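First up is the structure itself, then whatever we jot down about it.
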Amino acid sequence: MGRTLAEKVWDDHVVRRVEGEPDLLFIDLHLLHEVTSPQAFDGLRKAGRGVRRTDLTLATEDHNTPTLDIDKPIADPVSRTQLETLRKNCADFGVRLHPLGDVEQGVVHVVGPQLGLTQPGTTVVCGDSHTSTHGAFGALAFGIGTSQVEHVLATQTLPMAPFKTMAVTVNGELPEDVTAKDLILAIIARIGTGGGQGYVIEYRGEAIEKLSMEARMTICNMSIEAGARAGMIAPDETTFAYVEGREHAPQGEEWEAAVAYWKTLRTDEDAVFDHEVVIEASELAPFVTWGTNPGQGAPLSQAVPDPATFQDVSAKLAAEKALEYMGLSAGQPLREVTVDTVFVGSCTNGRIEDLRSAATVLEGRSVADGVRMLVVPGSVRVALQAVEEGLDKVFTAAGAEWRHAGCSMCLGMNPDQLQPGERAASTSNRNFEGRQGKGGRTHLVSPQVAAATAVLGHLASPADLADVREPATV
Amino acid sequence: MEAFTTHTGRAVPLRRSNVDTDQIIPAHWLKKVTRDGFEDGLFEAWRKDPDFVLNQPAHQGATVLVAGSDFGTGSSREHAVWALQNYGFKAVISSRFADIFRGNSLKNGLLTVVLPQETVDALWELTEAEPTAEVTVDLVNRKVVAPGVEADFELDENARWRLLEGLDDISLTLKNEEAIAEFEASRAAFKPRTLAA
Ligand code: SF4
């Protein structure tokens with residue numbers, strides 16, 4: 001019987017297979033950041049172990065880093081300790097680190113692909129659930145806990161029980177105003193936050209094949225929000241073109257050998273998935289969340305749903321709690337929900353294409369009075385590219401704040417947080433209670449919707465803006 | 001890791017589904033660089049409410065958490081497991097756990113037990129009516145027993161054995177040194193490296 005893409009990559013990394021035990025998998029790339037690694041390094045020290053493959057390991061600072069005054073010492077002593085701990089650990093164990101201020105610094109899932117380290121057919125792990133992002137390249141990439149981080153540091157392998165496989169096929173073409181973010185939010189609303197549990201999802205079909213690498217990363221990034229361990233997309237010419245020429249991409253004969261191998265990484269015709277979901281792209285529209293988990297979303301054109309209409313008792317209870325927390329009432333049109341803050345950034349939507357599309361909407365327009373808009377590039381490289389294209393000027397001219405790279409308000413471990421009761425439209429990936437600051441209320445949106453929302457002060461898509469562009473000033 | 005064989009203690013009913021790791025331990029707690037001291041951060045936002053179940057005097061000292069479905073969704077933070085353990089929990093029962101959370105819990109000796117929702121409902125009713133009722137989570141016989149409730153649970157044999165013996169995964173893996181070295185020697189030259197050769 002044929003094999004799926006996920007099964008092929010898995011099989012190619014089995015170091016040891018014994019009946020009744022998990023497979024021992026080899027890990028090609030191990031990414032580290034400051035939050036989930038200190039206890040792992042500590043464990044190595046206590047056991048007198050080293051890092052087995054420093055040449056397959058890379059660390060960046062992202063979760064705690066400030067996005068203002070980065071040349072000054074970090075004000076929060078606890079954040080500072082955590083970054084200093086990572087620096088010491090990397091120095092002691094010989095791990096390459098891109099610290100705050102370095103040109104390669106940024107959110108770990110933006111940095112890996114950008115350096116060309118994320119490649120088709122590799123296994124990628126990181127102590128971070130959004131490691132699923134790297135699956136956009138046809139890599140098997142998944143988040144792990146700190147004990148597993150220690151395990152990979154010590155052995156470059158992980159004992160893993162096989163995943164189940166799910167195909168999400170998106171037929172047809174996405175309508176013009178529908179982005180990858182709308183698509184993945186719609187997929188999660190459809191299968192639920194637990195629907196992907198135990199699965200690796202392979203996204204396929206015409207609409208997926210047409211997506212750019214950055215859009216594919218947005219999709220795979222949020223696989224974890226459907227409960228899936230990983231998301232994958234088969235590598236194709238779009239993938240090869242993205243990887244080619246990057247700092248760590250193979251070169252010359254090695255490039256040829258790599259591409260030849262990568263081309264074999266497609267799900268066989270006769271392979272069988274454990275579960276299949278089919279979505280018609282043409283039926284999709286800009287999508288936003290109204291609740292406190294990423295599955296609680298609806299098309300922007302609709303109203304906040306009435307929990308009383310939910311069939312499932314626990315979904316109904318969850319919706320009631322969510323509306324109470326979010327300060328929304330059933331039947332309220334989503335377009336009428338006003339926001340205080342707009343956040344553009346994160347490993348979901350903090351890449352150059354995301355900034356470009358937000359800037360296109362903002363150009364010649366201004367952020368509504370009383371709304372604060374933060375634009376946080378996913379990495380220093382993204383920031384430099386944006387500056388080269390003049391996007392930073394578009395943002396600041398519109399009244400948005402242009403910040404330094406990092407995770408920032410995606411999870412509010414640095415000073416960029418929502419205040420209690422404050423409402424945000426955010427291009428990040430989690431609308432959990434308090435995720436972006438205690439008591440903060442988050443609506444997940446695409447960069448386009450974020451920008452249009454900033455201009456109008458309420459949830460909106462670019463189509464709602466037709467008449468509010470100011471005449472171009474010379 | 002501490003071995004887990006069988007545990008008997010009082011249980012707390014947590015009637016919520018989709019309890020994500022941001023609720024179990026909020027991000028600002030993740031700045032600590034040790035594995036202990038997370039108990040005060042456990043369910044921090046909810047614990048501000050005096051009516052929250054963990055705050056009720058009747059449930060003090062409980063060691064088994066009985067939660068709604070999809071417990072532990074969201075981030076990969078192992079801190080969620082440490083926080084539950086630091087607080088004193090030895091086992092969590094739910095009809096469904098998020099994968100990464102489950103993996104993390106079993107690696108730390110926090111037993112996560114999957115039982116059908118009807119059994120979870122029965123345990124909720126029991127512990128609400130009788131907070132001092134004792135619940136036994138028996139890994140040797142893969143059984144949960146409480147007054148009026150008896151249910152078998154599944155756990156794959158390998159994970160069970162590691163828990164029963166309290167085995168350290170890394171030492172087990174390092175017994176395969178030869179197989180790892182052999183695999184490394186045969187890896188394709190085009191595979192990426194983070195350091196210059
Ligand atoms: S940007 Fe957000 S989701 Fe991504 S790694 Fe940072 S905190 Fe996690």
Side-chain angles (χ1 to χ4, degrees), chain A residues 15-16 20-22 24 26 28-29 35-36 38-39 54-58 64 78-79 81-82 85 96 116-117 119 122 127-129 143-148 150-151 154-157 159 161 193-194 197-198 227 229 248 250 254 257-258 261 293 314 318 411-413 430 432-435 438, chain B residues 1 15-18 20-23 26-28 30-35 44-45 68-70 73-79 81-82 96-101 103-104 107-108 117 156-159 168-174 176 179-180 182-184 187-195 197:
Chain A
V15 170
R16 176 174 179 269
E21 287 184 34
L24 190 62
F26 192 80
D28 288 317
L29 178 63
V35 181
T36 52
Q39 294 86 353
T54 49
D55 62 333
L56 305 183
T57 312
L58 179 80
N64 280 272
V78 196
S79 283
T81 308
Q82 198 159 58
T85 305
R96 170 174 165 190
L117 283 167
Q119 292 176 15
T122 54
D128 194 284
S129 58
I144 56 178
T146 298
S147 297
Q148 290 170 304
E150 184 181 337
H151 194 284
T155 71
Q156 203 58 35
T157 63
T193 53
Q197 228 139 76
R229 282 310 303 271
H248 291 273
E254 285 186 359
Y261 169 60
N293 74 52
S314 84
L411 90 167
M413 275 187 87
R430 286 188 176 140
F432 297 160
E433 289 180 22
R435 165 85 176 179
K438 247 183 226 154
Chain B
M1 183 176 82
R15 282 191 186 259
R16 288 186 192 241
S17 58
N18 256 301
D20 60 70
T21 51
D22 278 78
Q23 304 315 320
H28 70 99
L30 310 193
K31 294 178 185 177
K32 290 169 61 64
V33 294
T34 56
R35 286 176 193 248
E44 189 182 48
S69 63
D70 295 312
T73 54
S75 100
S76 66
R77 59 187 72 161
E78 202 155 314
H79 312 67
V81 172
W82 304 330
R96 190 157 69 173
F97 291 95
D99 291 326
I100 303 182
F101 175 82
N104 287 344
K107 293 221 175 326
N108 283 275
Q117 188 59 43
D156 83 76
E157 218 14 76
N158 191 267
D168 157 21
D169 274 1
I170 298 180
S171 333
L172 282 177
T173 296
L174 286 174
N176 302 301
I180 301 173
E182 208 175 291
F183 186 94
E184 287 177 320
R187 274 177 90 232
F190 57 73
K191 291 275 187 169
R193 279 169 203 278
T194 59
L195 302 176

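Sequence lines set the chain letters: A, B, ... in the order given, protein chains first and strands last, and positions in each chain run from 1. Please read these numbers as outputs of a predicted model, since none were measured by experiment.
- With a 4.5 Å cut-off on non-hydrogen atoms, L58(A) touches chain B through its backbone and its side chain both.
- For chain B, the nearby parts of D28(A) are the backbone and the side chain; heavy atoms of each come within less than 4.5 Å.
- Using a 4.5 Å cut-off between heavy atoms, T34(B) contacts chain A through its backbone alone, with no side-chain atom that close.
- At a 4.5 Å heavy-atom cutoff, the contact between R435(A) and chain B is made by backbone and side-chain atoms alike.
- In this structure, T155(A) contributes its side chain and T173(B) its backbone to no donor-acceptor pair below 3.5 Å.
- For H28(B) (side chain) and M413(A) (main-chain N/O), no donor-acceptor pair under 3.5 Å exists by modelled atom type.
- Once rounded to the nearest 0.5 Å, the distance linking CD of Q39(A) with CH2 of W82(B) reads 3.5 Å.
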Test log, rule side chain to side chain donor-acceptor pair (under 3.5 Å), inputs T36(A) and E78(B): CA-CA 8 Å; T36(A) 52; E78(B) 202 155 314; over 6 Å; no
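- With a 4.5 Å cut-off on non-hydrogen atoms, S79(A) touches chain B through its backbone and its side chain both.
- For the options L30(B), D156(B), D70(B), N104(B), heavy-atom pairs under 4.5 Å to chain A are most numerous at L30(B).
- A donor atom on one side chain and an acceptor atom on the other are found under 3.5 Å apart for T193(A) and N18(B).
- The number of heavy-atom neighbours closer than 6.0 Å to CD of E254(A), taken from other residues, nucleotides and ligands shown, is above 12.
- Looking at A188(B), neither its backbone nor its side chain comes within 4.5 Å of chain A, counting heavy atoms on both sides.
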